[in-house]
Chemist: 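Questions regarding the structure given below will be posed in turn.
Only this structure's heavy atoms are used, side chains among them; waters, hydrogens and symmetry mates stay out.
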2 protein chains.
Amino acid sequence: MAGSLRDIRLFVAAYEERSFTAAAQREHATQSGVSQHIRKLEHGLGVNLFSRDKGQVAPTPAGDSYYQRCIDVLRAHATATNTVKPFAGGLDGQIVIGLMPTMTRCLLAPVLSAYAGAHPNTVVRIVEGYSAPLTQQVRSGELDFAIVPAFAGLPGLKSRLFLRTPEVLVSALDADVAHMVPVSLGAVRSLKLVLPSKVNTRRQSIETYCGSNGVEIARVIEMDAMMGTLDFVARSDWRTILPGIMMAVDDPRLKVNPLCDPPLLLDLVLIEPSRRPMSKAAETILAMLEAEAVRLNARWDAPPPASARLTQPPRPPSKPRAKTGHRS
Amino acid sequence: MAGSLRDIRLFVAAYEERSFTAAAQREHATQSGVSQHIRKLEHGLGVNLFSRDKGQVAPTPAGDSYYQRCIDVLRAHATATNTVKPFAGGLDGQIVIGLMPTMTRCLLAPVLSAYAGAHPNTVVRIVEGYSAPLTQQVRSGELDFAIVPAFAGLPGLKSRLFLRTPEVLVSALDADVAHMVPVSLGAVRSLKLVLPSKVNTRRQSIETYCGSNGVEIARVIEMDAMMGTLDFVARSDWRTILPGIMMAVDDPRLKVNPLCDPPLLLDLVLIEPSRRPMSKAAETILAMLEAEAVRLNARWDAPPPASARLTQPPRPPSKPRAKTGHRS
DNA sequence: TGAGCCGCATCGCATTTCTTGATGACGACA
DNA sequence: TGTCGTCATCAAGAAATGCGATGCGGCTCA
């Protein structure tokens, strides 16, 4: 096929300058080179592009037509080159992360947009799921890493503590507790709880906690749907117990109360395949996830200051308000 | 600047095949070559186009974007290449031809369209003018050749007979002569003639002819405008004398009669600069001009056959007719 | 788990292509 | 007529391209 980009550039220069010599200067080449390139082009196309009469080069009709199209080629090429510029400078590759719904509610969005902005050349894929399938997928290498509740280590997995977050009681707005004030579960009468099913690691901890601390559960509904659980709690007098990191951002429909006497803590661990080191990109987004998690989780570190209630009393009387920032 | 066309082709192949090896086969290259080209491309752009994890190549977001634009580049290039295909095979260059209005009326159009069709890569320029300036321009090399009335040769000009054509009397439709029938000028009473000015070579011949053959010219108007002359003759009882080759195609507004007793002949000569040979393209179009001239001029070779009047009696009564083909 | 396979990266070398400077032909200008 | 400017051509060196061989990592199958 006729015509490298260099040929075309030199031809365009010669066409515009109406002179091989001038074209050579413009393109930092020699007159000889221009002449040869154009001859090659003409030979390849089977058409003369210039008529070289009288010591002047004048484009032939073919040259005129070809020039128009060559402009298109060069513009397309420049466009192509520019297109990738925004991707330069950052990390690249493909990251597949497994997260539980717990993590995706508050943590994911800010981290994802920050990472995608800084490293646009990375393909980030989030797989939402519960601990068992996520663990399996990390083992098989489908996931670069996942964050799951702590569990006894498995062969092929490398794990470490990612975050320790308190479990919190979540109720509808009309519950008779103040938002963010620590509560003792044992003090709640006729406790109706929406809990994850028994396959969920946390269900075990919660039941153990209740048993050890004399908490009496009046009724239980099993639900493994996070969005559904929140919605149901918001519209009923049922409550649920969720990891604090998940409720780090207030939901205007819900009240949240850390458990006390004693607190119930959830350990989330990072798991990755032990056979290979994490990619730079995965390490980077993990660090960002961790930093954001710590930042959000700080809400639960201290007993709620007096300002907590003031900052975000979800609808103190009962009139609806415009939604404002819910950060602590 | 990053990216030769070969780079881009190999990248596109690799992108589409999702495999360097397959791309290499498709582009008749080796896997090694593909790998190197793409590395060069990535280095030049400063961006990774593929992530090479797990023995598979997967395009990065930058690769996706770049691919879209590369398609444009390749299509533009193919378009450019195709654009010049119709120009291939014929002659090229630039031809500048000087012709008198005499020649441009009937002769030029068919030759020009035939030549332009067969040799689209030639720039043909027609300069219309009278013999003196044309001759001058041939001498200076502005014109490749010109066709002018015969004259005494000039230094720097090479000339030869191009065509011998009879002069013909041209009258309006209501003149009392039959179209195409030879007439003797001496037999025309009160002859009112539109003639070219004295700078025109033909004026001399016509006056000599009239003097030698006892033709009495009642009145003369000088006009060097061919189109104007024809229009004026068509709308008046004035007549004119024109070269037969010019009237080889009938004008429905006019009657034409070759001069007889004796005929008046006009010799047209081809002139070209003597210092350099004519270009191939000029020779070609000249040959076509000559062939067409001979063909058209054949109308005057024989006395008008009986069919002549039948073939084209310009408006026998006086009702206007739809314009039809006027060839003899 | 280990052998074999497949895919990409890298290396050194052969080849092609590109580039250059010198030279020649042609026309323009004075 | 000689000088200048332009393009074409040539030969030689420089640069790139392309290729086969080899290495590395992951996958698959026994």
Chemist: With respect to the phosphate group of dT17(D), does any side-chain polar atom (N or O) of Lys40(B) fall under 4.0 Å of OP1 or OP2?
Modeler: yes
Chemist: Nearest to the Ala29(B) side chain among dT19(C), dC19(D), dG18(D), which nucleotide is it?
Modeler: dC19(D)
Chemist: To the nearest angstrom, how far is Arg18(B) atom CZ from dC8(C) atom C1'?
Modeler: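 So the two atoms are 16 Å apart, to the nearest Å.
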Chemist: Could you give the NE2-to-P distance, from His43(B) to dT10(C), as a whole number of Å?
Modeler: 12 Å
Chemist: Between Glu27(B) (side chain) and Ala23(B) (backbone), is there a donor-acceptor pair under 3.5 Å?
Modeler: no
Chemist: Measure centre to centre between the rings of Phe20(A) and Phe50(A), then say whether the value is under 6.0 Å.
Modeler: yes
Chemist: OP1 or OP2 of dT10(C) less than 4.0 angstrom from a side-chain nitrogen or oxygen of Arg39(B), does that happen here?
Modeler: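 Yes, Arg39(B) has a side-chain N/O under 4.0 Å of OP1/OP2 on dT10(C).
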Chemist: Does OP1 or OP2 of dT19(C) have a side-chain N or O of His37(A) closer than 4.0 Å?
Modeler: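 Yes, His37(A) has a side-chain N/O under 4.0 Å of OP1/OP2 on dT19(C).
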Chemist: Can you tell me the distance, in whole Å, between the CZ atom of Phe11(A) and the C1' atom of dC7(D)?
Modeler: 16 Å
Chemist: Is a salt bridge present between Arg105(B) and Glu128(B), judged by a nitrogen-to-oxygen distance below 4.0 Å?
Modeler: no
Chemist: Which whole-number value in Å describes the distance from Leu5(B) CG to dT17(C) P?
Modeler: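 Going from Leu5(B) (CG) to dT17(C) (P), I get 16 Å.
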Chemist: For the pair made of CG in Leu41(B) and P in dT17(D), what is the distance, rounded to whole Å?
Modeler: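 About 11 Å, once rounded to whole Å.
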Chemist: State whether the side chain of Asp267(B) and the backbone N or O of Arg164(B) hold a donor-acceptor pair below 3.5 Å, judged by distance alone.
Modeler: no
Chemist: Side chains of Tyr115(A) and Thr122(A): donor-acceptor distance under 3.5 Å anywhere?
Modeler: yes
Chemist: Verify the contact: side-chain N or O of Arg52(A) to OP1 or OP2 of dT6(D), cut-off strictly under 4.0 Å; return yes or no.
Modeler: no
Chemist: Please enumerate all protein N or O atoms sitting under 3.5 Å from an N or O of nucleotides 21-25 of chain C, with distances to 0.1 Å.
Modeler:
residue: dG21(C); atom: O6; partner: Ser32(A); partner atom: OG; Å: 2.7

Chemist: Judged by modelled atom types alone, do Asn48(B) and Thr60(B) share a side-chain donor-acceptor pair under 3.5 Å?
Modeler: no
Chemist: Quick one: label Thr21(B) by what it contacts on the DNA or RNA (base, sugar-phosphate, nothing), any heavy atom closer than 4.0 Å.
Modeler: sugar-phosphate
Chemist: What is the separation between atom CG on Asn48(B) and atom C1' on dA9(C), rounded to the nearest whole Å?
Modeler: 13 Å
Chemist: When you compare the side chains of Ser140(A) and Gln136(A), does any donor N or O come within less than 3.5 Å of an acceptor on the partner?
Modeler: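 Note: Ser140(A) and Gln136(A) side chains miss the donor-acceptor criterion.
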Chemist: Just so I know, are the side chains of Ser274(A) and Leu157(A) near enough to count as touching, which here means a heavy-atom distance under 4.5 Å?
Modeler: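 A side-chain contact is absent here, since even the closest heavy-atom pair is not under 4.5 Å.
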Chemist: Should Glu42(B) and Arg52(B) count as an ion pair when the cut-off is N to O under 4.0 Å?
Modeler: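 Salt bridge between Glu42(B) and Arg52(B), a charged N being under 4.0 Å from a carboxylate O: yes.
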Chemist: What are the residues of residues 133-140 of chain B, sorted by number, that bring a heavy atom to within less than 4.0 Å of DNA chain D?
Modeler: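 Within this stretch, nothing sits under 4.0 Å of the strand.
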Chemist: Starting from C1' on dC8(C), measure out to CD on Glu42(B) and report it in whole angstrom.
Modeler: 12 Å
Chemist: Does dA16(D) have OP1 or OP2 under 4.0 Å away from a side-chain N or O of Arg6(A)?
Modeler: no
Chemist: Given atom CG of Asp7(A) and atom P of dA16(D), what is their separation to the nearest angstrom?
Modeler: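 So the two atoms are 16 Å apart, to the nearest Å.
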Chemist: If we fit an axis to the first five pairs and another to the last five of the helix from dT1(C)-dA30(D) to dA30(C)-dT1(D), what angle do they make, to the nearest 10°?
Modeler: 20°
Chemist: Is it the case that atom CZ in Arg18(B) sees more than 12 heavy atoms from other parts of the structure closer than 6.0 Å?
Modeler: yes
Chemist: Given 3.5 Å as the limit, does a donor-acceptor pair link the side chain of Ser35(A) with the main chain of Gln31(A), or not?
Modeler: no
Chemist: So does Ser35(B) get a side-chain nitrogen or oxygen closer than 4.0 Å to the phosphate oxygens (OP1/OP2) of dA9(C)?
Modeler: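 Yes, because at least one side-chain N or O of Ser35(B) sits under 4.0 Å from OP1 or OP2 of dA9(C).
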Chemist: Can a side-chain donor-acceptor contact be found between Ser19(A) and Glu17(A) if the only test is distance below 3.5 angstrom?
Modeler: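 Side-chain D/A pair, Glu17(A) to Ser19(A): absent.
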